[in-house]
Amino acid sequence: MDSKQHLYLVDGSAYIFRAYHRLPPLTDPEGTPVGAVYGYTTMLWRLAEDLHKADGPTHLAVILDAGSKSFRNDIYEDYKANRPPPPEDLVPQFPLIRDATRAFSLPCIEEQGYEADDLIASYAREATRRGWDVTIVSSDKDLMQLVGKCAEPDDGIEGGCIDMLDTMKNQRIDIAEVIEKFGVPPEKVGDVLALMGDSVDNVPGVFGVGPKTATKLIQDYGDLESALAAAPSMKKSKLQERLIEQAEQARLSRVLVTLKEDCALPMPLDAFKLNSVPPEPLSVFLARHGFTSLLKRLDAGTGSPTPTTRLNPAKPVTAGANPQEGAARQPLPEMPAIDYDAYECVQTLAALEAWIARAANARLVAVDTETSMLDAMQADLCGVSLAIGPNQACYIPLGHGGSDMFAERPEQVPLEEAMALLKPLLESDAVLKVGQNIKYDLNVLARYGIELAPVDDTMIESFCLDAGRSIDGIGGGHGMDELSQRHLDHKPMAFKDVCGTGKKAIPFGEVLLPKATCYAAEDADVTWRLHALLDPRLSEEGGTRIYERVDRPLIPVVARMERHGIRVDREKLAGLSSQFAEAIGALEGEIHGLAGQAFTIGSPKQLGDILFDKLGYKGGRKGKSGQYSTDQSVLEKLAGEGAVVATKVLEWRQLSKLRSTYTEALQAAINPRTGRVHTSYSLVGAQTGRLSSTEPNLQNIPIRTEIGRQIRDCFVAEPGNVLLSADYSQIELRLAAHMADVPSLKEAFAHGEDIHARTAMEMFGTVDRDTRGRAKTINFAILYGISRWGLGGRLGVEADEAQAMIDRYFERFPGIQRYIHETLESVRERGYSETLFGRKTWFPRINSKNQAERQGSERAAINAPIQGTSADIIKRAMARMEPALAGAGLGHVKMLLQVHDELVFELPEADVAAASPVIERVMAGAAEPAVRLDVPLGVEIGFGPSWGAAH
DNA sequence: GGCCGAACGTA
DNA sequence: GTACGTTCGGCCC
């Protein structure tokens, strides 16, 4: 998972010119000249062979010039104007470059309005941002500007770097080579090129300035502008005159030689994944052009590794005619309105095969599954929809009709046949599958033996870009309907309009095909469109790092956790349930007796009336509902004053909560097929980046009280196994100490001290149960965005006294106040907070005129970087956990649950000793190397037959 | 049947 | 004071 990706970008157009001049003229059996093509073919062969070798490509694409005009012609009409026509016997070889590339099943990219150099620069930039290394296969001097460019170091890889490979001379070009050639480092090459000009491309430069003079000028003055500025003070000469006269021409040249690094990428990087080359189309090509020696090598199996997939070869992509007008921002793809009539219902084998071929060629396909129910672990497949472009979408029904003996079953490709055909596409490394909440589809398809990969998720892309962003408090979500309305200004068909709702609801498999096709294909179409809009925004807006390094790798990991589920002891739960029921019944009788009447204890409204009106206890009205508050703190107060009924109600509430939410609900949640409980995690559930858990929520299983703890004992390992729990100790306080740079806190953590005791000593000068407890409350108050009223309420003191404690805290822990101040200043200015790993959370109400609203945002904004960084860290640990365990021969150790700072595993008891240090190491080191923390991350591990026993 | 607020479980 | 999800009663349509 952490292995380094290495992208090779082949400058196809430049290569063929050089090959033409260096290789002898050859012709194929049909008499077509193919010398340059032969050179190109052998080069591709060698590159493909280097797959998996050190420094060899993991991804590869060929980039071509699409036409003679580019955006540079808009800047300078005569750009490339006096280029001589190519030699007669080279012309017919140009299209053969595409044929050759296609024969190797390699992607071939060209785009109207851009030159190959610009596309190469743009792809190189995107790849290095992801931490990939990039090798540009070319010897074009313009491209040397890119050599040595690196993305910032992060995440177990030293950051992606760019070098060049001249396959003609078989020579790597690194920074040293560039300096040797130009006398200046790569970032200054553009200045040199601008001065010297280029007669072939008709870049004017400065007349009379050649490579030598240009280099000297840049060496002496630093860059072009400085050289031009210094010209008047140079000693009188022809050179000086020309520098002054032709300054504008030089500046124009500077623009012309600058590579455009932000072109829209016609195809996603993942689609460049290099696989073994299938022999089939290649052999036809080699035979046709008489490349017999290569053909022999192919037949002997020595050249390219044996094929694994049989997908159709790539086709050159000339994406949307959108000639760039020299603008900095990439154009939004122009998309036609949704057209339901354009969607196809795929009911025959032939139609299915055609769609699979189209999708394979496109190398990017939006996928959506339709199922019989919402629960992915139990849902049966009703159909699959695919989209490869706006309005280019289909629905493949697989489980429609036939639910009873009278229901007609429409014509459909048999499920198993369809799955067998779809599997290579859905699992192909070379085809990116895009989905909205694709974890769902991953889990559904897993039951049909398909491991969907690689994937992109528009919901998570939106989350990485726009978490917390909402307009007037609405529309901040990441659901498809919401995204579609926000970004596409289109309201997709609602599920309830297709299937109905409530009692009259019908399963999707009963929906008639024309309607089902509209709904399902539209979902895939909308997903495709959203991806086209959101994916480029990631790199433009700084979301790539968190998306590629943290959230995206987590999708399959969390999907597997959900599928594993966890075993619960049904009998034990049932036992607790009836035990609770009995106690609840007894309490009910007592409470009704004390109240002097029967009433619904679970109704705060009725309870409030009984307590404060009928029984006459003192307490206040609260809230806009005009209702008495009867929450825990109110009842505890009454109980402290001797109200027995309040004590009984508190007990009743605790037991009812445990019974209804846990002992009953968990039994009902056991999956009949697996016998285990499978929660569903939301990867976009919390604005801060935390996961959330639903159906059932396994992140709020009781632990604090003895009686609640019994519920944890109901989560058990299979016989022979144990549950192992590993949790970060005080991770948020540690992060606060690091992020706010608080010396005494950092020191305390470094020495493994009891942090709350240390705080008590600093604050009160003494440590006992009371002061330690108060110190703990204050520590948490800091993390949650402190207010004098909140802290006062918690500690039972007046706001003034709480403020005095806050002041003292700031004084004793310098750094905290500054952190709060700087964080808020930055959020006010930029609108978002950021974690150490670059996750943004937006706070649109941070400058609100409404004080409560504004202060609420301020508290959340203080907390978000801390909570979010903690979430980033445990996510990184999760993504690394499986490979780390597998690498230690512990691939059978299963990660089951995540509870914000805790991971729960199931493993054979005999493996605890081996697994614990691996788990500990991965978790403790999860911030590195992207972030170097000043405090150690403590990890505590326990294990036992149950979750309760593991703590 | 669907929605909201109160209450309460977790980190 | 932060971040969640579920249950329940009460009320709406």
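Below, chain A is the first sequence line, B the second, and so on; all start at residue 1. Predicted, not measured: the structure shown is a model, and the values here were computed from it. Worth knowing before you read on, the calculation uses all heavy atoms, side chains too, and leaves out hydrogens, waters and symmetry mates.
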Asker: List in chain and number order the residues that pass side-chain hydrogen bond (donor to acceptor under 3.5 Å, both in side chains) with A:Ser848, two or more places apart in sequence or in another chain; answer none if no residue qualifies.
Answerer: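 Here the qualifying residues are A:Glu853.
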Asker: Who are the side-chain hydrogen bond (donor to acceptor under 3.5 Å, both in side chains) partners of A:Lys572, not counting sequence neighbours?
Answerer: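 With sequence neighbours excluded, A:Lys572 shows a side-chain hydrogen bond (donor to acceptor under 3.5 Å, both in side chains) to no residue whatsoever.
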Asker: Got a sec? Which of residues 815-833 of chain A come in under 4.0 Å of DNA chain C, heavy atoms?
Answerer: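 Close to the strand, none.
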Asker: Kindly write out the residues that satisfy ring-ring contact (aromatic ring centres under 6.0 Å, His included) with A:Phe843, not counting sequence neighbours, or none if the list is empty.
Answerer: none
Asker: Would A:Glu801 and A:Arg788 pass as an ion pair if we require N to O under 4.0 Å?
Answerer: no
Asker: Would you please name every residue forming a salt bridge (Lys or Arg N to Asp or Glu O under 4.0 Å) with A:Lys776, sequence neighbours left out?
Answerer: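 So A:Lys776 forms no salt bridge (Lys or Arg N to Asp or Glu O under 4.0 Å) with any residue.
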Asker: Remember a base hit wins even if backbone is also touched, and classify A:Arg653 as base, sugar-phosphate or nothing at under 4.0 Å, heavy atoms.
Answerer: sugar-phosphate
Asker: What does A:Gln632 touch in the nucleic acid at a heavy-atom separation under 4.0 angstrom: a base, only the sugar-phosphate, or nothing?
Answerer: sugar-phosphate
Asker: Have A:Gln699 and A:Gln898 got a donor and an acceptor in their side chains that come within less than 3.5 Å?
Answerer: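 Looking only at side-chain atoms, A:Gln898 and A:Gln699 do form a donor-acceptor pair, the distance falling under 3.5 Å.
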Asker: With A:Thr688, which residues qualify under side-chain hydrogen bond (donor to acceptor under 3.5 Å, both in side chains), at least two apart?
Answerer: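 Checked A:Thr688 against side-chain hydrogen bond (donor to acceptor under 3.5 Å, both in side chains); matches are A:Gln867.
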Asker: Heavy atom of residues 854-868 of chain A under 4.0 Å from DNA chain C: which residues?
Answerer: A:Arg859, A:Ala860, A:Asn863, A:Gln867
Asker: Got a sec, which residues hit ring-ring contact (aromatic ring centres under 6.0 Å, His included) with A:Phe943, two or more places apart in sequence or on another chain?
Answerer: none
Asker: What is the first contacted nucleotide of DNA chain B and what is the last, in 5' to 3' order, if contact means an atom lying under 4.0 angstrom from a heavy atom of chain A?
Answerer: B:dG1 to B:dA11
Asker: Sequence neighbours excluded, which residues qualify as ring-ring contact (aromatic ring centres under 6.0 Å, His included) partners of A:Phe612?
Answerer: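 ring-ring contact (aromatic ring centres under 6.0 Å, His included) check on A:Phe612 returns A:Tyr628.
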Asker: Run the side-chain hydrogen bond (donor to acceptor under 3.5 Å, both in side chains) test against A:Glu902 and tell me which residues pass, sequence neighbours left out.
Answerer: A:Ser725, A:Trp947, A:His951
Asker: On DNA chain C, which is the earliest and which the latest nucleotide, 5' to 3', with an atom closer than 4.0 Å to a heavy atom of chain A?
Answerer: C:dG1 to C:dC11
